[in-house]
Asks: 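Structure incoming, see below.
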Amino acid sequence: MIKVLISVKDNNIKQINIKGHADYDDYGKDIVCSSVSSITITTVNAILMFDKNYISYNEKKDNFEIIINENNEVTNKLIQNMINLLTELSQDYPKNIKIEEED
């Protein structure tokens with residue numbers, strides 16, 4: 001299962017951790033993993049196009065971490081859009097992706 005952990009402080013998203021594998025299908029054929037990757041990488045690239053300092057990220061095996069360095073209109077809207085898309089995906093595949101929020 002993919003777990004998306006959203007860390008919020010002072011009503012602003014500060015960090016997002018995406019861990020694990022969906023296990024929907026074999027590696028290379030898993031549409032849930034592919035969707036999560038596409039949604040996440042597209043969002044990160046879009047934010048970095050505006051300003052490379054708005055976010056930072058770390059990519060390790062089975063873990064992708066996004067750190068929001070500057071909460072502004074662009075970053076907040078793109079991150080919220082990413083969360084909305086991941087939430088829709090989790091509703092379609094509840095056994096393969098779970099989203100949690102922590103303060």
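Values reported hereafter were calculated over all heavy atoms of this structure, with side chains retained and with hydrogens, waters and symmetry mates removed. For reference, positions follow the sequence shown, starting with 1.
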Asks: Roughly how far, to the nearest 0.5 Å, is CD1 of I39 from CG of L85?
Replies: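 Here the rounded value is 5.0 Å.
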Asks: Would you say the side chains of N69 and N53 form a donor-acceptor pair under 3.5 Å?
Replies: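 Distance-only check fails for N69 and N53.
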Asks: For K9, is the NZ atom crowded, meaning more than 12 foreign heavy atoms sit under 6.0 Å from it?
Replies: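 Atom NZ in K9 is not crowded, with 12 or fewer foreign heavy atoms closer than 6.0 Å.
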Asks: Looking at D30 and V32, what are the two nearest heavy atoms and their distance?
Replies: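 Smallest interatomic distance, heavy atoms only, reads OD1-N, 3.0 Å.
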Asks: Quick check on N11: does its CG atom have over 12 non-hydrogen neighbours (other residues, nucleotides or ligands) under 6.0 Å away?
Replies: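 12 or below, so no.
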Asks: Please indicate whether E73 has more than 12 foreign heavy atoms, meaning atoms of other residues, nucleotides or ligands, lying under 6.0 Å from its CD.
Replies: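 Counting other residues, nucleotides and ligands, CD of E73 stays at 12 neighbours or fewer.
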Asks: Going by side chain to side chain donor-acceptor pair (under 3.5 Å), name the pairs with one or both residues in residues 81-97, residues two or more places apart or in two chains.
Replies: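 Passing the test, one end in residues 81-97: Q80-N84.
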Asks: With hydrophobic residues grouped by side-chain heavy-atom distances under 4.5 Å, do I18 and I31 end up in a single group?
Replies: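 Same cluster.
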Asks: If hydrophobic clusters are built by linking Ile, Leu, Val, Met, Phe, Trp and Tyr wherever their side-chain heavy atoms come under 4.5 Å apart, do I67 and V8 end up in the same one?
Replies: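 Hydrophobic grouping puts I67 apart from V8.
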Asks: Examine M1 and Y24 and state if one hydrophobic cluster contains both, with Ile, Leu, Val, Met, Phe, Trp and Tyr joined whenever side-chain heavy atoms are less than 4.5 Å apart.
Replies: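 Not linked; separate clusters.
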Asks: Decide whether M49 and V44 are clustered together by the hydrophobic rule: side chain heavy atoms of Ile, Leu, Val, Met, Phe, Trp, Tyr closer than 4.5 Å, transitively.
Replies: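 No, because M49 and V44 fall into different hydrophobic clusters, even though each may have its own neighbours under 4.5 Å.
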Asks: Does the side chain of N17 come under 3.5 Å of the side chain of K3 through a donor N or O and an acceptor N or O?
Replies: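 No pair is found: no donor N or O on one side chain lies under 3.5 Å from an acceptor on the other.
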Asks: Under a 3.5 Å threshold, yes or no: a donor from one side chain and an acceptor from the other, between T42 and N45?
Replies: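 Absent: no donor and acceptor within the cut-off.
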